[in-house]
2 protein chains.
Amino acid sequence: MATNTQEAAVTTKFVYAFGAGAAEGNGTQKDLLGGKGANLAEMGRLGMPVPPGFTISTDVCAHYYVNKHSYPNGLREEVEAQLKGIEKKLGRTFGDAKNPLTVSVRSGARASMPGMMDTILNLGLNDKTVEGLAQVSKNPRFAWDCYRRFVAMYGDVVLELKPVDSRERDPFEVILEKKKMAYGVRLDTEMPVEALKELVRDFKAEIRYRTGKIFPDDPIEQLWGAIGAVFGSWMNERAKVYRQLNAIPESWGTAVNVQSMVFGNLGDDCGTGVAFTRDPASGENVFYGEYLIDAQGEDVVAGVRTPQKIATLQKAMPKVYQELLDIRKKLEDHYGDMQDIEFTVEKGTLWMLQTRTGKRTGFAEVRIAVEMVEEKRITPEQAVLRVNPDSLNQLLRPIFDPKAKEEAMAAGRVFAHGLNAGPGAATGRVVFTAHDAFDWAERGEKVLLVREETSPEDIKGMNAAEGILTARGGMTSHAALVARQMGKVCIVGCETLRIDAQQRIMSVPARGETETRVVREGDWVSIDGSTGEVIEGRIATKPSEVLQVLLDGSLDPKKSEVYQRYATLMTWADKARRLKVRANADQPDQATNAVAFGAEGIGLCRTEHMFFGGERITAMREMILADKTEDRERALDKILPMQREDFIGLFRAMGPRPVTIRTLDPPLHEFLPHGEKERESVARQTGVDPRLVARKVAELHEMNPMLGHRGCRLGITFPEITRMQTRAILEAACRVKKEGIDVKPEIMIPLVGHVRELADQAKIVRETAKKVFEAEGVTVDFLLGTMIELPRAAITADEIAREAEFFSFGTNDLTQTTFGLSRDDAGKFLPEYVRREILPSDPFEKLDQGGVGKLMKMAVGLGRETRKDIKLGICGEHGGDPSSVEFCHRLGLDYVSCSPFRIPIARLAAAQAALRK
Amino acid sequence: MATNTQEAAVTTKFVYAFGAGAAEGNGTQKDLLGGKGANLAEMGRLGMPVPPGFTISTDVCAHYYVNKHSYPNGLREEVEAQLKGIEKKLGRTFGDAKNPLTVSVRSGARASMPGMMDTILNLGLNDKTVEGLAQVSKNPRFAWDCYRRFVAMYGDVVLELKPVDSRERDPFEVILEKKKMAYGVRLDTEMPVEALKELVRDFKAEIRYRTGKIFPDDPIEQLWGAIGAVFGSWMNERAKVYRQLNAIPESWGTAVNVQSMVFGNLGDDCGTGVAFTRDPASGENVFYGEYLIDAQGEDVVAGVRTPQKIATLQKAMPKVYQELLDIRKKLEDHYGDMQDIEFTVEKGTLWMLQTRTGKRTGFAEVRIAVEMVEEKRITPEQAVLRVNPDSLNQLLRPIFDPKAKEEAMAAGRVFAHGLNAGPGAATGRVVFTAHDAFDWAERGEKVLLVREETSPEDIKGMNAAEGILTARGGMTSHAALVARQMGKVCIVGCETLRIDAQQRIMSVPARGETETRVVREGDWVSIDGSTGEVIEGRIATKPSEVLQVLLDGSLDPKKSEVYQRYATLMTWADKARRLKVRANADQPDQATNAVAFGAEGIGLCRTEHMFFGGERITAMREMILADKTEDRERALDKILPMQREDFIGLFRAMGPRPVTIRTLDPPLHEFLPHGEKERESVARQTGVDPRLVARKVAELHEMNPMLGHRGCRLGITFPEITRMQTRAILEAACRVKKEGIDVKPEIMIPLVGHVRELADQAKIVRETAKKVFEAEGVTVDFLLGTMIELPRAAITADEIAREAEFFSFGTNDLTQTTFGLSRDDAGKFLPEYVRREILPSDPFEKLDQGGVGKLMKMAVGLGRETRKDIKLGICGEHGGDPSSVEFCHRLGLDYVSCSPFRIPIARLAAAQAALRK
C-alpha cells in the first residue's frame, strides 16, 4: 500500500471522465481505473456512445486506507467538476427538480471481485427530483419505482440496514410483501403509484428506526455516501476472504465508477438489448442478440415479455441497428474477440452500457478462435491461449440434443446429482449388474450400468454400457478412473441414491418438498457426465464428429468442419508446447485410441487389470490361496504367457513410443470374492477347501486397504510376482523388438516410501532382465523407476533417485496421504469443504499446489540433485487437468500422462502453459 | 579414505604389541586399533596377564583398499618381528614340531560390527605341529580336535568353501555327521582320535575338490591368508549393509588382532571361567561368576559339565583367586563400570582373555549406577547416561519370578508370540469378552482378556484385567494405546491365534512340528508384555516396589532400596534435562498417576473416551443418529455436564500444570455398534427406528477410516460438537479457577491439513470462550493449537502457525500418512521389513528420523518463522521412546508427552539427550 500512497502523493489527477465518444483514461489502465472503468473509458475512446461518467482512481482508495478513511485534498472539487461536465453533456442537472441527472455508482477493482459492493442505481433521486423524473419520463410509476428501489438499495448498501441474523429476512422485502398484500396485488409491477410512494416513506422510516440514520435527501451527500461505501467494501470480510483465496494483494484497491443513468423505457423510441458479436452457441460469424422496445435492461433477462431477435431491429430502428453493426465490427477489430454487449436506446439515441468478452460453448470457442486466425484478427498462439482446454470435451463426447435436455430440465426430470466423473451425455435402460449390462448390450439394448460402486470384476459390463452411475466413490474411484480411461460417460458418488441390486430397483428418498423417485430395471435414464445430473427418461444424444473421424473412421475428415477446426487448433498447440503428453492405458485398443488422440507414449499401464477375466483370475486366486512359494510360482507360471501376450499387443500398438508399466499394485484381497457363494465357487474352481478361501479372505482383510499390503510391499513379500511380471514385460519387449520395432519399456515400482524398498525390487528386475535377455538372445534398453506417491518418497527423493531412473508422480495417492484423505470416503465432507471455501477446490481434481505441489517441487529438486537427467512425469488423474498441467510445466516435468480421452485437453493445456511462461 | 591413506603414508608403525603386562597401544586408540585391540592393549597397560599378541592397525586396512589389496612396505617384517616377540615371551615357536605356538586371528573395527569375519582359532596347526601340541598337552585327542576345527574354520572363512545355495547344509557338518555314523557315536566328544585324524584329511580333500585350493600347511602362509580374509571381510555385503544402516563410514576400516592361544584344559592346574565384577541380576557389589577345572572356554557355556561358583576358586586356586580379585578391583577402578571378564588358567598361570562392559538387568543397571556414584567412581551425570531408559520398565512393572519363567520356557509352554505392546508380567484366567473380564474380576478372579482386537467399548473390561492379549493390531492399535495408558501388561498382533469368542476358545493351529494348542475360557495363561511371549499356565509374578510406593502407597519408601535408588537417579535426571515431560491421560486417576511419575502436564487428553459408558454413549448415539442440527444439539446438551465434570476432575488433579485437550477425533461410526442385535438395542435405547440405525451405520461406513471423516473434519461438519466441547472445557476451567487453582487449559484441534480448517474451528472456540467467560464471570487464559499429524500440516506449518499457538506432533498418524502405512494392517509385512532390514526399525516404535523426522524439522522451522515463541511438543507414542525423545530434544521441542507409565523413561531419555548434546 505504501508504494501506492507515494504515487498518490505525486499524482495530481484523481478522477477520469469517460463517455459520449471520448475518455480521459483508456483500456490499459486497469491498475488505475479498475477493469470496469478502463473498459468504459476504452469504449469512449473508440468513439462509442457511452453514457457519460467518471472513474475515481484506485489511488484514492489507497489514500483512503492509509489516511484513516479520509480523501486526498482536491478530490471533492474534481468530482464536482466532473459532475458539472456530465450535466453539461446531457443537459440535466444533479438535484434539479425539473430535469434531474441520476447516476449509478459501482465498484471496480483491477480483477473482477465478487464480495465487493453491489451497484447503486438511480442515485440523485429524492422527493423533489422524483417528480422531475416523472415529468421527463411522462411516467410517474416508473419514477417512483426507481425511487423506492434506490432507497432500499442505498439503505442496505450504504446505511447498512441488515437483517439481525441469517434467519431474518431482508426487512425491505418484508415491508414490500406486506404492501402487496395490503393492495391485494401479486406482482411488483401491479403496484399502483400510491403504493410505491408509501414504500419510499416506509423504507425511510425503517432505516431511521433500525439504524438511527436519516436517509439523505441531498444528492451530493448521497453520492459521497455511496463512494465511501465502495471504498469501505474493499475491506469487508467477504472481499478479504476472496482476496486471500485468489492471492489478490490488498494494495491494489478499488476504483469507483459514477455513470449517468439512461432509460430504455420512456416510450416507443426507446429500448434495451443484449447481443453477442457472434453466435455464442455455434460460434458462427453472425450478429446474435435480443431486444425489447420500451423496456429496462432487467426486463430482457426477467422473461416477463418475450424479446425480439436482434435482426428485426433493422426494421424497427434502422439507424440504431446500423450503428450497432458498426460498433460490433469496431469492437471485434479492437478486442480481437467475440464480445457480449448491453445497450439502451433512449428516445432514439443508442447508448452502450457494457462490452465484455462473451461466454460461449466449447464448439463456439474453437470455431471463433480458429476463424479469427483466418480473419487475421489474432495469431495462432492467441487462438491456442483462448480456448479453455476443458471445452474440448464438448467436441470429444456425445452431447445431449440441447433442446431435449432443456425440456427435461424444465419438466423437473432431474432427480439426483453426483460427481461429473466422465463428461458427455448418455441415455440407456438401467441395469444393476455388470453381467446384465453385457447381456443386454449383446442383444442390442442401450444400457446404463448402475452400481453401488464398481470393482475390477465389472469392467466387461462397464465397457458394454453407454454410461455408468454409482452411488459411492469420488472423482478418482474405480468407476471414475476406468470410465475416463474407456471414454465412458460417468457419474459417481451420487450419495442420495438407494440402490437395491437384488430387487433391481433404485430410489431417491423423499427429502423436503421432493417425492420419492423410483427407477426399476429397464427404465430409461439419462446422465450428463459433464454436470453430474441424473435425469429420468430418454434424451436424444448426438455423437462427436471428432471421435467419428479419429476413432471409428465412420466420418470422412474432409466432411467435418468441426474436426478440421479441432485438428488445426491441435497443430498450433503441439507447435507451442514443451511438455510431452502420454496416456494411461492398459489394453492395446486403448493404446490405439491414445495414439489417435496424440499420445506420445504410455505413462501408466496398470497391470492389475491383466489379472482379471476367465483363466487369469482363477490362476491369480490360486496364487493368492497358496501358502508356499512353489505353489505361488506354479500359479504365476500360468499367468505369465497371457500377460506376455498383453504386453506384446501393447508394444505393437505403441511402436517406438515409451511404455511405462507398473508392477502389481492393489492389495490381494481385491482379487478374492466377498460373498459366501462366490467364495464357494472360487473354492471349486481352484480346487481348494472352501474354509481355506474363507480363512484367506479373513486374513487378507484390511482396516485401511489404501494404506495396507499393496504396491511394492507385495513384490517384496512375494518376489515371485515381480519376477513373473518382469519376465512377461521383457520377453514381450524382446519378441516385439525382433519384429523390428524399437520398443521402449519402462518398468515402474509402485508405492515406494524408502529407497531400500526400491533397491529390493530393482535387484529382482535387473537379475530377471539379464536372464531374459540371455534366453531371448536380444537385449532391450529399458528404464527402471518408481512412482512418487507417498510423502516419504517425495522428501527422500534424493535417496530414491540413487535407484530410480525415472519418477512418475502418482498424485492420486500422494494427495490422499498428504492430506490424510481417502478419496473413497471424502465424498461425505469434501463437497462441503469446497462450498465453504475451506479448500479452494477438490484436491483430487485440481492439484493442491500449496501442499502436494510443494512436496512435488521438493522431490524434483532432490531427485535432480542425485541424478541430473532423471526423467520426470505425472500419471495421477491430475495429468489431464489444465491447471495441474500448467503446474507440471512450471515444475519442469518431462511429461504428463492422462486417460486417452483427456489427451487433447492436456496437449492444449501444455501449449498454454508454454505460451504463458 | 584419502585422509587415512595420507596418515598411513607418514605413519611408520603398523603393528602394535600387547600382552603379558604391557602394550604398545592403549584403550583410547580405538580409531587405530579397533575396539577389541584397544581393550586388549589397555588390559596389558594395566599390567594384567593378557596372552601376548599384536594388532595390525586400521591404517593398513585403508592402505589395502586404496592400493589394490596390497600391504604397505615393511608390514611383513613388522608382523614377523612381533611373532618373534611372542615366541620369546612364551617360549613356543610358530610352526615348531615340539612346542608350537598357535594363535587366534580376529577382526576388530572401531565399533562392534556384526557381519565381519568370524574368529579363527588354533592357527599354526598342521600335520607336524599338531603332534607337538599333542605332546605338550599330553592329550592327542585335544590336539586333533583343535586341528580339525581349525581346518574347517579356515576352509570356511579364508578359503571360502561355502554351501552352493541356502538350501544346502554346511559341507563340513555333513562330513562330520557321516563320520559319527561311521564310528557309531552320537556326540562330537565321543569321537576317537582316529576319527578326528580322518576328518582333517577329509576336510582338506573337500576344500581341494570344491574350491580348487590347497589347504596351506605353512603357518606363516596360514597367517597371511587369515589377515587378508579379515581385511576382505570389511567390504563384504553384510558388512556394507550394516555400515549403511548404522552410518559407519567405510573409511574407518578394521584392525586385525593376532593373539597367542592359551589352554585351560591341560590338566588339573588348568581351568577357565567367566565372571562379572558385580552381580548382573541384582547389581549387588559381589564378585560373581563360574569356572571349570581342566576345561576350555566353550565348555562353560555349553553346559555339558556343571561349572562351580567363583567363590570356590579361593580354595581350589588361592593365588589365582586373589589375582582375580585384584583384577576385578583394578578393572572397576579403571573403567568405572561393571565388567564381564573371561579368563583361562594354564598350568597355574592366569590369563585374561577379555574384559567388556557387562550386560545386566534393569535392577542391576540402576543399582550399579547409583552405587558407583556413592563410591565416587562416576559422576551423577555419568550414572544418568549409563542407565538404558527402557530398563526402568523392570522397576515399574510386575515381573515374573525369574525361576518360574525359566522353567516354563524350558518346558516348551510358550505357544505364541505377539508384539510387546505393554511391558510387564501378567498371569490370569482367560476370558473372551470385556464384560466377562469385569464380572470375573469383580468376584476376585485374576483374568487375562483375550480379544480379536479391542474397541473403546472394552475399556472397563481392560481395566479389570491383569493383562490384555489380542490377535490383531500393531504397537499403536487401540489395545496397545489404552494398555500403555493404563499401565496394563499387553501383547497385540499375535497373528497365529485363532479366537472364537462365541465358543469361548482360542487355538494356535499346528504348524510344522508343533501341535495345535487349545485354550478354553478359565484356563490359566501368562503373558510377558516385555518380550511378547504367550505362555500356558500360571507363572508367579512379583509386584513393582516403585509402584507400591508411588501409586498405591502400600510400601513405605524408606523400606524400599529399589525405590530409593530409582528416586535418586530420577532426581539427577531431572536436574540434567531441558525437555519437559507430560502425560497422555484422560481420566483423573490417570492424571494422578502421571503426576506421581513426574508428569509436568497433560500433553494429550483424548476426549473420545469421555463419550463412552452408560448414559454418555446413548446420548452420543442420539447425536449421531440425528439428521438435524437441533436434534444433535439436544443430544450434546446431555453430554455437556458429564464432560464438564470429567474436565473438572482432570484440572483438579493437574493443578497449575498445563492440560492439552483434544477435541473429538475418531470417526463417528466407532460409536455405533456393528452387530444386528446391538443395533436393535441401540434403537430401543435411543428410541429410533432400527432401520434408521442400520442406515446410519451403512452411511457412516468407510473404506479407509484412518483417512476418513474424523478429526477436525467432524467439528467442521458438526460445529455444535466443537462448541459443546469448548464449553465443557472452559466452564470446567472457570469453576476450578474459582477454587483457587491456576488452571492452564490448552485446546487442541486434531487432523488439520489446511490452515483454513484450523481457522474455522478456532473461530468457534474463541466465540464460545467469550460467551463462557461472560457467563462464568471469570476469564481463563488458554492456548489454542493443533496437532501436526498430516504431511500437509507439516509442510504448510508457516500458514498453520498463523492460527495455532502451539503444535503437538501426532507422530502416530504422521507416520501412517508419511509412509502410507496403516498401523492396523502393517503387522502383515512390517515385521518382515524389519527382519530383512528394509526398514531399520518399526517406525511406529522408533521415530523415522530420515522421513517423518524430516517433516517435523520442516514444521518446526516453518512454525517458528511465523510465530517465534510457538510452543512445540509431541504426543504420539514416540514421546515415550528414548531414541525419539533424543531426536525431539535435538529438534528443540518444548516437551514430550507419553503414557503415564513411560514418564520416568522419557525423563531419563530427556536427561541423556541433554547430557549428550
Side-chain angles (χ1 to χ4, degrees), chain A residues 244-245 453 472-473 495 498 667 695 699-709 711 713-714 716-717 751 753-754 756-757 759-760 789-796 799 813-814 816-826 828-829 832-833 836-840 848 850-852 854-855 858, chain B residues 244 453 472-473 495 498 667 695 699-711 713-714 716-717 751 753-754 756-757 759-760 789-796 799 813-814 816-826 828-829 832-833 836-840 848 850-852 854-855 858:
Chain A
Q244 213 187 341
L245 284 175
E453 54 201 330
R472 287 185 175 266
E495 303 256 352
R498 300 268 168 275
R695 197 196 85 198
E699 277 182 6
L700 291 174
H701 171 76
E702 292 184 313
M703 298 287 288
N704 296 289
M706 158 66 205
L707 308 175
H709 197 187
R713 296 162 192 172
L714 292 174
I716 288 171
T717 316
L751 212 73
H754 195 292
R756 284 205 287 276
E757 294 177 306
D760 178 281
E789 54 186 336
L790 295 175
R792 200 181 188 288
I795 57 178
T796 62
E799 296 168 19
D813 278 1
L814 190 58
Q816 294 197 83
T817 46
T818 303
F819 273 94
L821 198 62
S822 159
R823 63 192 185 201
D824 292 318
D825 302 309
K828 294 202 179 71
F829 52 93
E832 190 184 344
Y833 264 50
R836 286 171 53 190
E837 292 183 342
I838 289 172
L839 291 180
D848 161 48
V852 176
K854 217 169 153 185
L855 282 177
M858 285 176 66
Chain B
Q244 213 185 341
E453 53 201 330
R472 287 185 175 266
E495 303 257 352
R498 300 268 167 275
R695 196 195 87 199
E699 276 181 9
L700 291 175
H701 171 77
E702 292 183 313
M703 299 288 288
N704 296 290
M706 157 66 205
L707 307 175
H709 197 186
R710 50 170 288 234
R713 296 161 192 172
L714 292 174
I716 289 172
T717 316
L751 212 74
H754 195 292
R756 284 206 287 275
E757 294 177 307
D760 179 280
E789 54 185 335
L790 294 175
R792 198 180 189 289
I795 56 178
T796 61
E799 296 168 19
D813 279 0
L814 190 59
Q816 294 197 80
T817 45
T818 303
F819 273 93
L821 199 62
S822 159
R823 62 193 186 200
D824 292 318
D825 302 308
K828 293 202 179 71
F829 52 93
E832 189 183 345
Y833 263 50
R836 285 171 54 190
E837 291 182 344
I838 290 172
L839 291 180
D848 161 48
V852 176
K854 217 169 153 184
L855 281 176
M858 285 176 65

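Just so you know, these numbers come straight off a predicted model, no measurement behind them. We name chains A, B, ... by the order of the sequence lines, and we start the count at 1 in each one.
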Sort A:D848 into side chain, backbone, both or neither according to what part of it lies under 4.5 angstrom from a heavy atom of chain B.
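Side chain only.
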So which atom in [X] and which in [Y] form the shortest heavy-atom distance, rounded to 0.1 Å?
X	Y	value
B:D825	A:M703	OD1-N, 2.8 Å
B:I795	B:L855	CG2-CD2, 3.7 Å
B:K828	A:L700	CE-CA, 4.2 Å

Chain B: which of A:E495, A:H701, A:E799, A:R792 shares the most heavy-atom pairs with it under 4.5 Å?
A:R792
Looking at A:D813, A:L790, A:V852, A:L751, which one has more heavy-atom pairs under 4.5 Å with chain B than the rest?
A:L790
Report which part of [X] has an atom under 4.5 Å of a heavy atom belonging to chain A: side chain, backbone, both, or neither.
X	answer
B:H754	side chain
B:E832	side chain
B:F829	side chain
B:R472	side chain

Side-chain donor/acceptor of [X] to backbone N/O of [Y], under 3.5 Å:
X	Y	value
A:R836	B:D760	no
B:R710	B:P705	no
A:N704	B:M706	yes

Options B:M858, B:E702, B:R713, B:K854, ranked by heavy-atom pairs under 4.5 Å with chain A, top entry:
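Heavy-atom pairs under 4.5 Å are most numerous for B:R713.
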At a heavy-atom distance under 4.5 Å, which candidate from B:G711, B:S822, B:G753, B:G850 has the highest pair count against chain A?
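So the answer, after comparing B:G711, B:S822, B:G753, B:G850, is B:S822.
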State the CZ-CZ distance between A:R695 and B:R498, to the nearest 0.5 angstrom.
6.0 Å
